[in-house]
Amino acid sequence: MTSSYNYWAQALDNSSPDHIILNGKETLPEDQKSRSQVASQVSNIIKKGTRLFEGSGLRLTVDSHQFVIEIPSIEVDVAGRTAPIICAGDFRDASIDHIASEVSESLLVFASKINRTLSPEYSELTFKAFEVLKKKLRTRRLLLLTFSVVSIALLLQAISYLMRP
Amino acid sequence: MFSIFVAAARMIAKEITLQWDSLVVAFTGKQIAVLGARGAGKTHLIKFLTTGSIPAEYKQTLAPEKTIERRFQLKELDLRIKATLDVSGDKAAYDEWKELHDKADIVIYMFRADLLIKGDPILEARISDDMKHISDWLDARKDQPRFFLIGTHCDLDPEYSKINKDRLGDYVDNFRKLPIVSKIIAWAGGTKDVKLILGSMSTIEETEVLVYQTFAQVQI
């Protein structure tokens with residue numbers, strides 16, 4: 001797990017404290033402040049963001065600069081419900097390919113730490129999901145570049161017109 | 001004679017329809033907050049209120065699930081439920097709970113009634129923590145929401161399965177006498193303002209009954 005991301009998984013017995021990791025450190029059940037920080041981060045991304053990818057139970061949601069990825073573990077809880085694991089973080093600080101790789105590996109580490117298992121298919125799905133984010137960011141940059149070029153061209157034309165004798 | 005019977009039946013049906021219509025007016029376009037510990041049934045209830053169906057598969061709720069404003073029909077009832085959020089039942093989500101609570105016209109707190117009846121100490125401690133927080137939030141509000149306590153999973157209590165549904169009132173009264181339940185009701189505002197409903201959501205039919213019992217408790 002890296003200190004860049006936060007992780008969250010609900011206990012399978014539905015009564016023990018959830019497993020929550022903030023900035024690479026496991027939070028204690030009584031550390032309400034740190035645990036709330038992770039829950040609020042996830043909540044804000046979901047509320048303000050867009051679901052970019054969904055498949056086989058994996059979900060990737062992003063807002064302007066943060067992501068939440070949710071992957072189901074093989075284990076189910078005592079009520080027979082699917083038990084997902086979450087990773088949340090910022091995608092501005094590294095390339096998307098690097099983030100996809102880190103997230104995929106660190107989720108396996110986190111799952112193992114809490115005695116849970118992720119199906120091997122999710123590694124590839126994680127990369128697929130972040131590929132969608134990569135395309136979206138590329139399109140956004142292209143649009144921004146196009147807008148900038150057109151704006152400069154118009155500005156130069158306006159200046160040229162004004163400077164006519 | 002037959003025509004008198006038919007006329008009487010029509011009048012009764014009209015009375016029931018009018019009561020439902022009043023309930024529709026009371027609940028139309030209302031913001032609902034559904035709170036409760038993990039596994040209490042929040043997702044199940046929210047899905048039913050917003051779609052009229054129950055989940056085909058169940059998943060623990062970690063990341064909140066957004067719902068959109070939906071209209072659905074329950075027998076003669078025609079409801080409009082505003083967009084809400086299905087949030088985690090862990091204490092880490094208390095900030096999200098408060099945000100939902102503060103905006104809500106109707107607050108529903110759900111819990112496993114079967115486990116309280118058994119005297120589960122972990123659940124009692126958890127509910128106590130939840131209700132102390134909720135009590136503070138209620139005190140801080142100028143406009144008090146309508147507050148419902150819904151005890152679920154009664155089908156797992158052997159006594160519930162045995163009773164004739166006409167005796168459900170006695171079952172609820174006995175439940176109220178549990179010390180923890182008295183505390184919960186007091187934290188939520190007292191017996192005058194808090195409505196307690198017990199039941200099961202193991203099937204869609206039982207979910208409909210529970211939802212109807214909830215709405216029927218509203219003072220019109």
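Letters A, B, ... are given to chains in the order of the sequence lines, protein chains preceding strands, and every chain is numbered from 1. Values in this document were obtained by computation on a predicted structure and should not be read as measured data.
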Practice item. Could you look at B/Leu85 and say if it's the side chain, the backbone, both or neither that has a heavy atom under 4.5 Å from chain A? Key: side chain
Check your understanding: For B/Ile122, is it the side chain, the backbone, both, or neither that has a heavy atom closer than 4.5 Å to a heavy atom of chain A?
Key -> side chain
Can you measure from [atom1] ([X]) to [atom2] ([Y]) and round to the nearest 0.5 angstrom?
{"X": "A/Arg59", "Y": "B/Glu65", "atom1": "CZ", "atom2": "CD", "value": "4.0 Å"}
{"X": "B/Leu62", "Y": "A/Asp18", "atom1": "CG", "atom2": "CG", "value": "6.5 Å"}
{"X": "A/Ile86", "Y": "B/Gln60", "atom1": "CD1", "atom2": "CD", "value": "10.5 Å"}
{"X": "A/Asn14", "Y": "B/Arg112", "atom1": "CG", "atom2": "CZ", "value": "8.5 Å"}
{"X": "B/Asp95", "Y": "A/Ser43", "atom1": "CG", "atom2": "OG", "value": "9.0 Å"}

With a 4.5 angstrom heavy-atom cut-off, is it the side chain or the backbone of [X] that approaches chain B, or both, or neither?
{"X": "A/Ala11", "answer": "both"}
{"X": "A/Gln32", "answer": "side chain"}
{"X": "A/Lys33", "answer": "neither"}
{"X": "A/Ile20", "answer": "side chain"}
{"X": "A/Ser16", "answer": "backbone"}
{"X": "A/Pro72", "answer": "neither"}

Take atom [atom1] in [X]; do more than 12 heavy atoms of anything else shown fall under 6.0 Å from it?
{"X": "A/Lys47", "atom1": "NZ", "result": "yes"}
{"X": "A/Glu124", "atom1": "CD", "result": "no"}
{"X": "A/Arg140", "atom1": "CZ", "result": "yes"}
{"X": "A/His65", "atom1": "NE2", "result": "yes"}

**Study point:** Option in A/Ser40, A/Ala88, A/Pro29 with maximal non-hydrogen atom pairs under 4.5 Å from chain B
**Key:** A/Ser40
Exercise for review: Considering only heavy atoms and a distance below 4.5 Å, find which of A/Ser34, A/Ala79, A/Pro84 pairs most often with chain B.
Suggested key: A/Pro84
Strictly distance-based, threshold 3.5 Å: is any side-chain N or O of [X] a donor or acceptor partner for the main-chain N or O of [Y]?
{"X": "A/Arg35", "Y": "B/Lys91", "value": "no"}
{"X": "B/Lys59", "Y": "A/Ala83", "value": "no"}
{"X": "B/Glu57", "Y": "A/Thr82", "value": "no"}
{"X": "A/Arg81", "Y": "B/Thr61", "value": "no"}

Check your understanding: Any side-chain heavy-atom pair from A/Asp77 and B/Arg38 closer than 4.5 angstrom?
Key -> no
Check your understanding: Side chains of B/Lys66 and A/Arg51: closer than 4.5 Å at any heavy-atom pair?
Key -> no
Revision key, fill the gap. In short, B/Pro64 meets A/Ile46 closest at the heavy-atom pair O-CG2, 3.2 Å
